[in-house]
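Note: hydrogens, waters and symmetry copies are ignored here, and every other heavy atom, side chains too, is used.
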Amino acid sequence: MMATAPNPAVEAFLAQIGNALVIGQVSISRAGTHYELRHVADCHSSTEKLRRVQPDQLRGLAQFTSGGVFRPLKSAPDLQTGWRSTAGSAEELGLALNQLYPGALADWYAVQAPSPHVTHFREFASRQTGMYRVTTRLTDAQAARVARSCCHESLCLKRRLWTIGGLAPDRLDEKSLIPCLEPCAMLLELARKAMRMEQEEKLKIELSWGELAALRAALEAALAGPALDARPADFGSPGNPRCLRLILEKLAALPKPLRVDAEE
């Protein structure tokens with residue numbers, strides 16, 4: 001039987017592991033000549049308490065949350081816990097990671113190059129046609145709000161390397177080893193939604209600064225609590241977390257009041 005050619009991305013990644021390494025929500029540890037994978041939340045759990053999953057079965061595990069909700073974004077921080085998997089070779093480890101985070105190793109390897117190719121927002125938007133062509137009309141400030149809302153660490157673990165005017169790439173300590181080299185389909189849809197909302201007729205609502213602060217606190221509390229929307233990609237839902245974050249971003253951009261403390 002013909003030997004499998006070594007995968008340079010996997011070989012380079014193996015050199016980074018040492019005794020243990022975390023990628024996304026997965027902890028990888030060396031066990032002799034093998035590699036054990038488990039959820040980071042299960043790092044200190046006994047082996048007997050974790051169900052055994054074969055490397056080629058991890059894709060099924062990554063498809064749904066523990067509550068049975070489909071995961072359209074595999075880099076979302078809602079990977080199931082309570083499992084472990086053992087890879088007996090570099091090839092099996094590469095297979096396992098590709099089941100959990102499709103394309104992550106290839107993207108990680110690409111970033112190791114001196115000048116990795118990154119597709120920034122304007123370049124990405126300019127390629128769009130049809131109903132997504134409208135995303136080119138977003139200003140830099142509007143596009144940056146979309147990026148911060150869609151790529152927030154509570155919603156996606158990928159480290160965004162692409163940028164838009166005035167928005168720096170994510171820091172490594174904010175996200176994970178998985179890089180994001182160009183805007184994803186979910187961001188594109190949120191950008192379209194944001195532009196359509198900008199084109200809608202606006203309402204004039206008078207709020208005091210105290211009321212505005214209360215509104216922001218309510219949005220933050222809603223985002224910190226249980227998920228309001230079972231479908232993360234449904235931007236037509238008023239409870240969609242990315243849409244709520246987009247509103248928060250707009251509120252945060254409002255000018256701050258001048259505070260004058262005076263005694264009478």
Side-chain angles (χ1 to χ4, degrees), residues 69-73 75-78 120-156 158 160 162-170 174 180 182-262:
V69 178
F70 178 68
R71 300 175 70 233
L73 194 66
S75 55
D78 55 5
H120 298 285
F121 180 82
R122 287 294 171 211
E123 179 186 354
F124 179 79
S126 68
R127 298 196 310 232
Q128 306 308 316
T129 59
M131 65 181 182
Y132 291 111
R133 187 67 180 172
V134 72
T135 58
T136 61
R137 301 182 187 178
L138 289 170
T139 65
D140 284 358
Q142 291 166 343
R145 287 200 293 265
V146 169
R148 287 193 296 266
S149 302
C150 192
C151 310
H152 193 272
E153 60 267 23
S154 66
L155 300 169
C156 181
K158 281 190 175 183
R160 177 185 50 76
W162 56 268
T163 61
I164 186 70
L167 181 67
D170 288 335
E174 293 176 325
C180 181
E182 72 172 23
C184 67
M186 189 169 288
L187 182 130
L188 179 62
E189 180 59 28
L190 183 62
R192 185 181 77 89
K193 174 70 173 177
M195 191 64 239
R196 291 306 185 202
M197 288 194 295
E198 291 294 336
Q199 293 173 330
E200 291 176 355
E201 182 181 357
K202 298 297 186 288
L203 301 176
K204 184 176 180 180
I205 302 175
E206 294 186 355
L207 294 175
S208 68
W209 287 108
E211 290 169 329
L212 182 60
L215 178 59
R216 290 182 62 179
L219 286 169
E220 290 168 354
L223 287 165
L228 297 178
D229 195 295
R231 294 184 295 170
D234 180 9
F235 297 129
S237 169
N240 183 279
R242 286 175 170 82
C243 289
L244 294 183
R245 288 210 170 274
L246 193 58
I247 297 171
L248 266 178
E249 286 288 336
K250 293 190 74 171
L251 295 180
L254 293 175
K256 302 297 185 292
L258 295 175
R259 183 168 182 173
V260 179
D261 294 321

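Considering every non-hydrogen atom in both Cys151 and Leu187, the closest pair reads SG-CD1, 3.8 Å. Listed here is the closest heavy atom pair of Arg133 and Ser126: NH1-O, 2.7 Å. Closest non-hydrogen pair, His120 versus Thr163, comes out as ND1-N, 2.9 Å. Nearest heavy atom pair, residue Leu244 against residue Ala222, reads CD1-CB, 4.5 Å. What you find for Pro77 and Glu153 is that their closest heavy atoms are CG-O, 3.9 Å. The two residues Cys243 and Leu190 make their nearest non-hydrogen contact at SG-CD1, 4.3 Å.
At least one side-chain heavy atom of Arg245 sits under 4.5 Å from a side-chain heavy atom of His152. Considering only heavy atoms from C-beta on, Leu188 stays 4.5 Å or farther from Pro183 through its side chain. With a 4.5 Å cut-off on side-chain heavy atoms, Arg192 and Val134 count as touching. Two residues are said to be in side-chain contact when any heavy atoms from C-beta on lie closer than 4.5 Å; Leu246 and Met197 meet this criterion. With a 4.5 Å cut-off on side-chain heavy atoms, Glu189 and Tyr132 count as touching. Contact annotation: the side chain of Thr135 never approaches that of Phe124 to less than 4.5 Å [non-hydrogen atoms, C-beta and beyond]. Side-chain contact between Lys158 and Cys184: absent, with no pair of heavy atoms (C-beta onward) separated by less than 4.5 Å. Two residues are said to be in side-chain contact when any heavy atoms from C-beta on lie closer than 4.5 Å; Asp140 and Arg122 meet this criterion.
Between atom CG of residue Leu138 and atom CZ of residue Phe121 there is a gap of 5.0 Å, rounded to the nearest 0.5 Å. Residue Ser75 holds its OG atom at 8.5 Å from CE of Met186, rounded to the nearest 0.5 Å. Taking CG of Leu248 as the reference point, atom CG of Leu223 lies at 6.0 Å (rounded to 0.5 Å). For the atom pair CG of Leu207 and CG of Leu212, the computed distance is 6.5 Å after rounding to the nearest 0.5 Å.
Under a 3.5 Å cut-off, the side chain of Glu211 and the backbone N or O of Ser208 do form a donor-acceptor pair. With hydrogens and angles ignored, the 3.5 Å screen pairs no side-chain donor or acceptor of Lys204 with any backbone N or O of Lys202. A side-chain donor-acceptor contact under 3.5 Å links Arg242 to the backbone of Cys150.
Between Lys250 and Glu198 there is a salt bridge, since a side-chain N of the basic residue sits under 4.0 Å from a carboxylate O of the acidic one.
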(message) Would Glu249 and Gln142 count as a side-chain contact (heavy atoms from CB on, under 4.5 Å) here? Give the steps.
(response) CA-CA 9 Å; Glu249 286 288 336; Gln142 291 166 343; over 6 Å; no

(message) Between Arg71 and Asp78, does the side-chain contact (heavy atoms from CB on, under 4.5 Å) criterion hold? Intermediate values first, please.
(response) CA-CA 8 Å; Arg71 300 175 70 233; Asp78 55 5; 2.6 Å; yes

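Contacts of Arg160 classified as salt bridge (charged side-chain N to carboxylate O under 4.0 Å, His left out), with partners at least two apart in sequence or in another chain: Asp170. Residues satisfying the side chain to side chain donor-acceptor pair (under 3.5 Å) criterion with Gln199, sequence neighbours excluded, are Arg196. Looking at residues two or more places apart in sequence or on another chain, you find no side chain to side chain donor-acceptor pair (under 3.5 Å) involving Arg216.
Counting heavy-atom neighbours within 6.0 Å of Arg137 CZ, excluding the residue itself, gives a total of 12 or less.
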